[in-house]
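Data block below; observations after.
Basis for what follows: all heavy atoms, side chains included, without hydrogens, waters or symmetry-related copies. Numbered from 1 within each chain, the chains take letters A, B, ... in sequence-line order.
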Amino acid sequence: MTRALILLRRRLVGSIFVLLIVIIGTFLLLEAAPGDAVDAYIVSTGGDAGMIELLRHRWGLDQSELTRLANYLWALLHLDLGHSVTFSRPIREIILERLPTTLILMGSATALSFGLGSALGIYAGAKPGSFRDRFLSIGSLALYAVPGFWLGLVLIVIFAVDLRWLPIGGIESLASDKTGLARAADIATHLVLPVSALGFIYLALYLRMMRAGMAEAWRQDFVLAARSRGLSRRRIVLAHVARNALLPLVTMLGLQSAQMLGGSVVIESVFAVPGLGRLAQEAVAGRDTPLLLGIILTSAVLVIVINLLVDVAYAFLDPRVGASEAGA
Amino acid sequence: MSVLRRFLRTPEAIAGAIILAALFAMALSASLLFPGDPQAIAGPALLPPFQDWSLPLGTDRLGRDVLAELFHGSRTSLAVGLAAATAALVIGAIVGTLAGFAGGLVDEVLMRITDAFQTVPGFLLALAFVSVVGPSLGVVVMAIALGAWTGPARVARAEVLSIRERDYVAGARVIGMHPLEIAFREVLPNALPPVLALSSVIVAAAILTEAALSFLGLGDPNRVTWGGMIAEGRTVLRTAPFLSIIPGVALVLTVLGVYLAGEGVVETTAVRRSLS
């Protein structure tokens, strides 16, 4: 337990520096964007030009860059992400409203890609070089070459337009007044296609990693030892070979979270899922830079938290991790 | 010649080489076979494929020739993919070499910056960059490179860390070479092979990112892109799904070709290394 805590503390300190760099980066992008908050405010409210100087002064926009950066940091410290012009609402409110949908989408897609990917990887890696191994390797490579948004469109054509089995988009049926389980089932049917489109792409990654790890593990001495002890093949594959190949996949889970968040932008746009990704696209369409940067900061925090959780899980799974630090 | 023969030994590598050769042929012959503006109206709107042999793949919503657009689009995909990957590899190799060779505070700062870039979803970063600076081919290339240089940087740094302890580096120090000269003339060239091994994955990812950006309407508006064609076809997805499906198939084949050829190259060099 202390081992995991020490590791967590070390990572936390590093994460704060990383977050600070991300914040400075978003601040620079915000500065580079044409127009400032006052221009946006005047455009959206139609206020008179005489107010411009007054507002700039009151909002601290006539001060030096460093002071503005300090103000920006101070606001972020109070979780104030600013005001969205396109929605005429505080950015934090909009993001918190959209976040759960994206988390459900990402969580389900991760479960699908990790679960099915590692299972197929074990199936392929149980017999390296066999026909099924080659077939799955080539198949997963082909799958990895498919753009997620295009896979989404193809799924829509097949399952929503032709077969009419599943809804074409959105997160739930409009004005259906469903509650409880019926509503959950409704949301689940809406999520089948977007989760498949997002999850199937990354499935290939886990399959290939699992398969490569197993091919490597087969050559290790402990597999020979297990064989010489007369263990069944099934037991060797699952308890010895696959188990050793599984650990790098856990690390990948954290590394992949940033890419998956990026992928959900297009997938949510294709399926009109009202999550963080679609919000990003709406921010781009509305030229709402503060909103877009708020989304980027939120995603960065999300990625950091996911990676911290993965690190802790890893420390529990692998007794070697962090052992030297705990001993020191 | 023997290297080429060794490369073409596996069926995967042969398939990859054929796909890439076809792609380059498409890109190079686009203005020869389809002179003039590919975005000009060429026939009736929404003509299905294989109906009229002067327009083999049919026409889109505005009556533009799909085959001509496909040929011209291959140029954008290839150009952006190769340029963005080159930029990412160059930036990554320089940052990784500096961090690994300098060590200490420089290493710490550069690696935290690398962490920061890996924390922000690359696609969101590209989206923000293009929407702030404005869409053009160069900006799209830079935007994609911004999210792709971190992998090469990490690999280069790890390689440099092991190389900088070698004897010839110590020798270069003794004869009084400038540290930067040692880093970039002695260490970097020797650290390159594992970095270059990443290139096929990076080119493939860059092509996919470019497609996604232009699908969302953030590509260069003056150029035909496959992502843009898919977005165009999406508006008539129910009646003419072929308009979205054809450029998508081209994308899948392209990326697959890059992967397969990349695996072939890695295998060839791995064999050569184990032979020597």
Side-chain angles (χ1 to χ4, degrees), chain A residues 14-15 17-26 29-30 32-34 137-138 141-142 144-151 153-154 156-157 161-162 168 255 257-266 269-270 276-277 280-281 283-285 287 289 292-293 295-297 299-304 307, chain B residues 11-12 15 108-109 111-134 147 201 204-205 207-209 211-213 215-218 226-227 230-231 233-234 237-239 241-242 244-245 247-249 251-260 263:
Chain A
S15 303
F17 278 107
V18 167
L19 198 59
L20 204 62
I21 297 173
V22 173
I23 290 172
I24 293 173
T26 53
L29 264 179
L30 196 61
S137 291
I138 297 287
L141 200 62
Y144 204 49
V146 175
F149 63 91
W150 183 73
L151 180 62
L153 289 178
V154 172
I156 287 179
V157 169
V161 175
D162 281 355
I168 203 160
L255 294 177
S257 58
Q259 285 207 33
M260 190 112 46
L261 259 174
S264 69
V265 176
V266 243
S269 302
V270 168
L276 214 53
Q281 204 226 337
V284 170
R287 302 204 139 273
T289 313
L292 188 57
L293 295 179
I295 296 168
I296 289 185
L297 277 179
S299 332
V301 172
L302 202 62
V303 170
I304 289 175
N307 276 292
Chain B
E12 287 93 338
E108 193 64 29
V109 170
M111 286 333 276
R112 286 296 88 78
I113 293 177
T114 313
D115 281 343
F117 270 94
Q118 269 183 327
T119 303
V120 175
F123 188 70
L124 271 179
L125 185 63
L127 209 65
F129 191 76
V130 175
S131 81
V132 165
V133 186
V201 179
I207 291 175
L208 287 175
T209 309
L213 279 176
F215 176 72
L216 291 182
L218 285 168
W226 289 345
I230 297 174
R234 189 188 167 190
L237 195 62
R238 281 168 189 276
T239 46
F242 72 92
S244 290
I245 290 177
V249 170
L251 260 174
V252 173
L253 282 176
T254 302
V255 176
L256 190 61
V258 172
Y259 279 141
L260 290 174
E263 287 212 335

Looking only at heavy atoms, what is the nearest atom pair of [X] and [Y], with distance?
X: B:Ser244; Y: B:Arg234; value: OG-N, 3.3 Å
X: B:Leu260; Y: B:Ala15; value: CD1-CB, 4.1 Å
X: B:Val120; Y: B:Leu125; value: CG1-CB, 4.1 Å

Under 4.5 Å from any heavy atom of chain B - which part of [X]:
X: A:Val270; result: both
X: A:Val265; result: side chain
X: A:Leu20; result: neither
X: A:Thr289; result: side chain
X: A:Leu297; result: neither
X: A:Leu153; result: both

- Quick one: salt bridge (Lys or Arg N to Asp or Glu O under 4.0 Å) partners of B:Arg112, sequence neighbours excluded?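 Testing B:Arg112 for salt bridge (Lys or Arg N to Asp or Glu O under 4.0 Å), a comparison that skips the adjacent residues, returns B:Glu108, B:Asp115.
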
With a 4.5 Å limit on heavy-atom distance, are the side chains of [X] and [Y] in contact?
X: A:Trp150; Y: B:Ile245; value: yes
X: B:Phe123; Y: A:Leu261; value: no
X: A:Leu276; Y: A:Ser264; value: no
X: B:Thr254; Y: B:Trp226; value: yes

- Option in B:Gly122, B:Gly233, B:Ser131, B:Gly147 with maximal non-hydrogen atom pairs under 4.5 Å from chain A: B:Ser131

- Scored by heavy-atom pairs under 4.5 Å with chain A, the best of B:Leu216, B:Ile113, B:Leu251 is B:Leu216

Please classify the contact between [X] and chain A as side chain, backbone, both or neither, with a heavy-atom cut-off of under 4.5 Å.
X: B:Ala204; result: neither
X: B:Leu218; result: side chain
X: B:Val249; result: both

If you count heavy-atom pairs within less than 4.5 Å of chain B, which of [options] leads?
options: A:Val303, A:Ile156, A:Leu141; result: A:Leu141
options: A:Gly277, A:Gly25, A:Gly148, A:Ala258; result: A:Ala258
options: A:Leu292, A:Val301, A:Val161, A:Asn307; result: A:Leu292
options: A:Gly263, A:Ser269, A:Ser15, A:Ser257; result: A:Ser269

- Could you grab the distance from atom CZ of A:Phe17 to atom CG of A:Leu19, nearest 0.5 Å is fine? 12.0 Å

- Qualifying residues under side chain to side chain donor-acceptor pair (under 3.5 Å), relative to B:Glu12, sequence neighbours excluded: A:Arg134

